[in-house]
*Asks:* 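I have a structure here, written as structure tokens, and I will follow up with some questions on it.
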Amino acid sequence: MYRRTVLAMVTGAALLLSACTGTGGSSKGADAKAPTDPAKVSGTIKVLTVRTDLVQDGTMDKYAAEFNKTYPKVKVEFEALTNYESEVKIRMNTENYGDVLLIPAVIKKADYPKFFASLGTVQERSEKYRFTDFTAVDGKVYGQSPVGVTPGFVYNKRVWREAGVTEWPTTPAEFLTALKAIKSRTDAVPYYTNFAAGWTLTSWTYVNGSVHCDPGATTKLAEGDPWAEGAELRVGDTLLHDIVKQGLAEKDPTTTNWEESKARTAKGEIATQWLGTWAIVQFRDAAKQAGVNPDDIGFMPFPSQTDGKFCAAVAPDYNQAVNVNSKHKGAARAWIDWFTDKSGYDKDNLAISPLKNAPLPAVLQPYEDAGVKFIEVDDSKGAEVKQIDNQSETGIYAPEYRQKLVDLARGATKGSLDDFFADLSERWTEAQR
């Protein structure tokens, strides 16, 4: 299991809020200062991760071995969690939630100083790193992602070619036409929702910014109606609804299987999935294991253009943070710095580097060739958006609302799409007021 959006949130807003106000976090902020002498840094640290695959195959241990060449007195232990969000939010009611962890999406941004140690000021870190505002509170930064991601469609290029589609669709209507061609001309499932996994559906929230090439898209979520006519989320949600409504997805979404979908996409049994750049390496690895061509795995932007160009919003994946209660903050900080700057994790995952001076990964060369415009969405209103989301019980970062959307589209529940959006809009705008 891995994503930018590995958000397996399975409980209601009340439990989410309890995780954010639990007794485990310190009421005072603390700093995890960067070590100046690696030889003096020591201690055993536990690193929580969603990368169950990399822990199981020994890759994370290899990273730790390289880390120990610089920090020989630090022992790194990994704990991989399949249902990361739901498990960690419970642990955060205590002080025992690892030394290094990925900041759960359910934690209110304003509460970061209660749970995490500061990595430094926005001013100093923004000179070197992207995405500093995503974890900034009162001028201090509380997390750092080792990779940047952009959402898009992971697709089997061979299947799309066999269907006669050789150009990226530029509108949702063109995209639906392409999926219809795949359905009629190939044996592949045109689109796979990965409904049962749940967290995969949260990827649809990250159309935000890409539809209209809008760096201020998050601010519009905070100040406007995300499901107004033409709004970014409405455009994305409508496309997902129409894919399912028109019979272009799997027959029974409740039986989908995330792990199996990788190999099935690689082999051409599935044509398309909306995920993110983080998924490309996993699907190509699945192709190698299945004995098929990994180069068949492609990546395309959301079908919308502004001034004749596609746009792709770039944002951080999960941000690593230091537990404010850690007894080895120096060692924990050393791990985060090394893993971000020196590990090569971004290159190993064909991901966008958080370092401002780093080039784009080769896997995004087709984006560069097509003139796709990369934007970073301003997250200064991100905390406010989460607060509105929690209070409205909408759950734009949780799977349930899009599972309801899919159920509506496939006829498992009654109602109209307009009514569905109207309910979301009413709850959202009421929470704003």
Side-chain angles (χ1 to χ4, degrees), residues 151-197 200-201 203-204 207 236-305 310 350 363-367 369-370 372 402 405-407 409-412:
F153 289 101
V154 177
Y155 72 109
N156 188 300
K157 293 185 287 186
R158 175 179 57 79
V159 172
W160 277 64
R161 285 196 304 270
E162 289 175 358
V165 186
T166 56
E167 300 290 335
W168 290 340
T170 61
T171 66
E174 286 184 10
F175 188 82
L176 291 169
T177 299
L179 294 189
K180 290 174 184 176
I182 292 169
K183 183 176 181 178
S184 64
R185 297 175 185 174
T186 77
D187 295 326
V189 175
Y191 183 82
Y192 200 71
T193 66
N194 256 309
F195 177 99
T200 45
L201 286 170
S203 297
W204 282 92
V207 303
D237 287 345
T238 299
L239 179 56
L240 174 60
H241 172 274
D242 291 349
I243 289 170
V244 178
K245 180 77 171 179
Q246 297 180 25
L248 301 171
E250 69 280 351
K251 291 182 180 179
D252 185 358
T254 64
T255 63
T256 57
N257 185 300
W258 160 245
E259 290 298 336
E260 290 180 0
S261 77
K262 300 177 192 178
R264 292 185 64 197
T265 303
K267 291 186 289 187
E269 296 173 13
I270 295 169
T272 324
Q273 298 191 54
W274 174 260
L275 295 165
T277 43
W278 57 265
I280 300 172
V281 67
Q282 295 188 46
F283 280 63
R284 290 188 171 183
D285 285 346
K288 294 174 185 177
Q289 294 172 15
V292 295
N293 187 2
D295 290 336
D296 282 345
I297 298 298
F299 195 72
M300 75 172 78
F302 188 83
S304 178
Q305 291 190 330
F310 291 104
L350 310 178
V363 72
L364 288 179
Q365 187 63 47
Y367 270 43
D369 294 343
V372 176
R402 287 198 180 83
L405 178 63
V406 171
D407 280 342
R410 68 190 183 99

*Asks:* Less than 4.5 Å apart, side chain to side chain, heavy atoms only: is that true for Leu405 and Trp204?
*Replies:* no
*Asks:* Between Thr256 and Phe195 (side chain of the first, backbone of the second, donor and acceptor by atom type, cut-off under 3.5 Å), is there such a pair?
*Replies:* yes
*Asks:* Rounded to the nearest 0.5 Å, how far apart are CG of Leu350 and CD1 of Ile297?
*Replies:* 12.0 Å
*Asks:* Is the shortest heavy-atom distance from the side chain of Arg185 to the side chain of Val165 under 4.5 Å?
*Replies:* no
*Asks:* Hey, does Leu239 have a side-chain heavy atom less than 4.5 Å from the side chain of Pro303?
*Replies:* yes
*Asks:* Salt bridge (Lys or Arg N to Asp or Glu O under 4.0 Å) with Lys157: which residues, sequence neighbours excluded?
*Replies:*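 Partners of Lys157 by the salt bridge (Lys or Arg N to Asp or Glu O under 4.0 Å) criterion come out as none, since no residue qualifies.
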*Asks:* Taking all atoms of both residues into account, what is the closest heavy-atom pair of Pro190 and Ala271, and its distance?
*Replies:* O-CB, 3.4 Å
*Asks:* Is there side-chain contact between Asn194 and Leu275, with at least one heavy-atom pair below 4.5 Å?
*Replies:* no
*Asks:* Decide yes or no on side-chain contact (heavy atoms from CB on, under 4.5 Å) for Val363 and Thr277, but give the supporting numbers first.
*Replies:* CA-CA 9 Å; Val363 72; Thr277 43; 5.8 Å; no
*Asks:* On a heavy-atom basis, which atom in Ala263 and which in Ala286 lie closest, and how many Å separate them?
*Replies:* N-CB, 3.9 Å
*Asks:* CG/Asn156 to CD/Glu269 distance, rounded to the nearest 0.5 angstrom?
*Replies:* 10.5 Å
*Asks:* Do Trp160 and Leu179 have side chains that get closer than 4.5 Å, going by heavy atoms?
*Replies:*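 Yes; the side chains approach each other to less than 4.5 Å.
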*Asks:* Are Phe302 and Trp274 near enough that their ring centres are under 6.0 Å apart?
*Replies:* yes
*Asks:* Could you walk me through whether Ile270 and Ser261 pass side-chain contact (heavy atoms from CB on, under 4.5 Å), step by step?
*Replies:* CA-CA 7 Å; Ile270 295 169; Ser261 77; 4.1 Å; yes
*Asks:* So which atom in Met300 and which in Pro169 form the shortest heavy-atom distance, rounded to 0.1 Å?
*Replies:* SD-CD, 4.0 Å
*Asks:* Do Phe310 and Tyr367 have side-chain heavy atoms sitting under 4.5 Å apart?
*Replies:* no
*Asks:* If you define the side chain from C-beta out and look only at heavy atoms, does anything of Arg158 sit under 4.5 Å from Val292?
*Replies:* no
*Asks:* Evaluate side-chain contact (heavy atoms from CB on, under 4.5 Å) for Phe153 paired with Tyr191, printing each intermediate quantity in order.
*Replies:* CA-CA 10 Å; Phe153 289 101; Tyr191 183 82; 3.9 Å; yes
*Asks:* Rounded to the nearest 0.5 Å, how far apart are CG of Leu176 and NZ of Lys183?
*Replies:* 12.0 Å
*Asks:* Applying side-chain hydrogen bond (donor to acceptor under 3.5 Å, both in side chains), run through Thr265 and Gln273 and close with a yes or a no.
*Replies:* CA-CA 8 Å; Thr265 303; Gln273 298 191 54; 3.1 Å; yes
*Asks:* To the nearest 0.5 angstrom, please state how far the NE2 atom of His241 sits from the CD atom of Gln246.
*Replies:*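 The distance works out to 9.5 Å.
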*Asks:* State, to 0.1 Å, how close Gly268 and Ala188 come at their nearest heavy-atom pair, and which atoms those are.
*Replies:* O-CB, 3.2 Å
*Asks:* Tell me, yes or no, whether the heavy-atom count around Glu167 atom CD, taken from other residues, nucleotides or ligands under 6.0 Å, exceeds 12.
*Replies:*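 No, CD of Glu167 has 12 or fewer neighbouring heavy atoms, counting only those of other groups under 6.0 Å.
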*Asks:* Provide the closest heavy-atom pair for Val207 versus Gly236 in the form atom of the first, atom of the second, distance.
*Replies:* CG2-CA, 4.2 Å
*Asks:* Mind checking the CG-NZ spacing from Asn293 to Lys288? Nearest 0.5 Å is all I need.
*Replies:* 10.5 Å
*Asks:* Around atom CG of Asp187, are there more than 12 heavy atoms of other residues, nucleotides or ligands at under 6.0 Å?
*Replies:* no
*Asks:* For Arg161, does its backbone N or O pair with a side-chain atom of Thr166 as donor and acceptor, under 3.5 Å?
*Replies:* no
*Asks:* Could you tell me whether the side chain of Phe299 reaches within less than 4.5 Å of the side chain of Pro366, counting heavy atoms only?
*Replies:*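 Result no, sub-4.5 Å side-chain heavy-atom pair not found.
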*Asks:* Can you tell me how far the CG atom of Leu364 sits from the CG atom of Asp369, to the nearest 0.5 Å?
*Replies:*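 Between atom CG of Leu364 and atom CG of Asp369 there are 11.0 Å.
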*Asks:* Where is the tightest heavy-atom contact between Thr186 and Ile182, given as atom of each residue plus distance?
*Replies:* OG1-O, 2.7 Å
